[in-house]
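To start, the structure under review is shown below, and the notes come after it.
Lettering follows sequence order; numbering is per chain, from 1.
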Amino acid sequence: MGLIYQWSLGNLDVIYLIYGLAFVVMGVAILVQPRKDSAFKLADTLWLFVAYAFLHAPADFLDMLNLSRASRAFYIMGQVLTYTSYGFLFEFGRRLLGLTKKIFPGWILPLIAVSVAIKSILSPDFWTTANILIGYFIRFPAGMMSGIGLILYYKSQEEILAPLKVRRYFYWISASFLSWSFFCGIVRAKGAFFPSNWLNTASFCSLVGVPAQLFRALCAIIATWAIVGVLRIFICERTERLKREVAERKQAEEELKAAYDKLKQTQAQLVQSEKLASVGRLAAGVAHEINNPLFVISGETELLLKDENRDAETKEISKAILEQAERIKKIVSSLLEFSRQKEFKRQPLEINKVIEEAISLLSYQAKMEEIEIVKEFAFDLPELLGDKTQLQEVFLNIMLNAVQSMERGGRLTIKTYSEEITGYGRRLTDKFRAGEKIAVIEIKDAGKGMDAKTLSKVFEPFFTTKEKGVGLGLFISYGIIENHGGIIEADSKLGEGSTFVVKLPVPKKEKGR
Amino acid sequence: MKKILVVDDEQAICDMLKKFLIKKGYEAIIALSGEEAIKKVKEGRPHLVLLDIRMPGMDGIEALKKIREIDKEAGIVMITAVKDEETGRKCLELGAYDYIIKPFSLDYLEKVLLVKLLDFL
């Protein structure tokens, strides 16, 4: 103890230097932290502590100088700097405490400052009185508020701060602030009044055997270490934020990619439906033009056939011509059916019944091919508006294809259900609007399936994989569903069967019904 | 002998129908436009008119109205290349007896339409 005492007294300048340097380190450490945009409210008060540190450091260096070359000017400058710095520390402590407990109002500091100034001026020794009173009423409460405020702040934010493992730094900094406030705020110059007349730097030194300055410096060193530790929260926060930003950006990128893929898909669909629509329009025009000459051909041939003066061969040929003309007529009328827009009757119908009737039309064929027809009907399907005959044709077309593709028998599943279009992931080009109700009919076969190339062409006119097909069945079906305001889609993989999905809009119920 | 007027802007169709009708023992005249059809109705007063709907200039429907103004008795059958129920209904309202879609069998025309209609008239 004696040694420390001896050394301390002999090296007070070193202690002042260390003390001052500790402040510089604290100030710089806080300044370099990424506190900007921090969610921690602590960050908003830290500039006050920086001001405290940067004002206090030169005061300590002045104290140090004062030891070697005593000067009244150094002393006064040092005191003024110190007192100003205490003001910032007080405000720091007050606001810090205010984060959790609003006890002291903003005018308390000016009030104390003015009171202390008046009291000091009235006293015989201004500087000594000021030194003591400022210690008691500003430095001491400042340290207490800072220490308690930090602990309370930690408690209030424990949930967020605990994972950052900064608890011990908060406790150390708080402990150092509290004890520091004692060594700095209570142990002051010797005054004429209580308690400074018996507890002061000189009496402390003789009582403990170590000057208070050494304890102050010790507190400052611990505080410096702990502050650097506490400041980790800002680094962690920024790291978290960066991580989050990267994740968000990644997600945005993925969403963008998904949107792009969807757009590509939509475009392909759009091209397909546009193509089919234009083919339909073209077919209608062509059909009209073909019918007139076709009529002449069939009429003239009929006349030839009826002419008794002709020989058998001519009649034979005429018959063949008539048959072929009849074929052309059928193809043309099928083509026309695709573009026949106005001509379907909208009547309320139960889609299950429509399908049921279509099934009964091919049940014999299915039986012969050893195909099991499975019906998974939802019986709460709302009524639709549409043309029964046309819709039946659609289902018959799809099911006939299915039956024909199942050469080795198997299961043909027909499923119906209703669905509400969700708002998520809608496109402007989508047929159905969000919130709209639709009826879905799924027809799934266990047939040969199709490769991607075939699949992309199934709805095109004159596309067929059958030996005797014309290739208009699905083309017409597409047109019918389109006219009903619905969608028809196909999905298939070679060897895995095909699924056709028909989606039809459910008419909105009128009020009062 | 019953007189039938065939109206179609296509010569080949008129010729073919005329040939057929004559063979079946009718008197057949032809008109290649709506305007000509009205003139022929005024002059010749046919018992029956086979009238094409889609023609350049005065179309079949217009001609139908005009013919009905001149002759309330004549049987008129509309001929069309495209099935269109709405237009068909309109023709019936305007006084046509029926409509028939090209290409049709001449047998059908004779047995189903002409015989019945001429009986009725």
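- Around NZ of A/Lys437, the count of heavy atoms belonging to other residues, nucleotides or ligands within 6.0 Å does not exceed 12.
- In terms of heavy-atom proximity, B/Lys19 sits nearest to A/Leu303 at CB-CD1, 4.0 Å.
- Atom CZ of B/Arg54 is surrounded by 12 or fewer heavy atoms from other residues, nucleotides or ligands within 6.0 Å.
- No more than 12 heavy-atom neighbours from other residues, nucleotides or ligands sit within 6.0 angstrom of NZ on B/Lys111.
- Applying the side-chain hydrogen bond (donor to acceptor under 3.5 Å, both in side chains) criterion to B/Tyr97, with sequence neighbours excluded, gives no partner residue.
- Between the side chain of A/Glu302 and the backbone N or O of B/Ser105 there is no donor-acceptor pair closer than 3.5 Å.
- More than 12 heavy atoms of other residues, nucleotides or ligands sit less than 6.0 Å from atom NZ of A/Lys315.
- Among residues 10-17 of chain B, the residues having any heavy atom closer than 4.5 Å to a heavy atom of chain A are, in sequence order, B/Glu10, B/Ala12, B/Ile13, B/Met16, B/Leu17.
- The shortest non-hydrogen separation linking B/Leu106 to A/Gly299 is CD1-O, 3.3 Å.
- Comparing B/Asp107, B/Ile101, B/Thr80, B/Leu109 by how many heavy-atom pairs each has under 4.5 Å with chain A, the most go to B/Asp107.
- Scored by the side-chain hydrogen bond (donor to acceptor under 3.5 Å, both in side chains) test, A/Ser298 finds no partners at all (sequence neighbours excluded).
- In this structure, chain B has no heavy atom under 4.5 Å from any part of A/Glu326.
- The local environment of CD in B/Glu43 is crowded, with over 12 non-hydrogen atoms from other residues, nucleotides or ligands closer than 6.0 Å.
- Highest contact tally toward chain B, considering only A/Leu322, A/Asp307, A/Ile290, is held by A/Asp307 [criterion: heavy-atom pairs under 4.5 Å].
- Taking A/Val458 as the reference, A/Met450, A/Leu474, A/Ala490 meet the side-chain contact (heavy atoms from CB on, under 4.5 Å) condition, with sequence neighbours excluded.
- Of all non-hydrogen atoms in A/Asn291 and B/Ala81, the two that sit nearest each other are ND2-O, 2.8 Å.
- No more than 12 heavy atoms of other residues, nucleotides or ligands sit less than 6.0 Å from atom CZ of A/Arg310.
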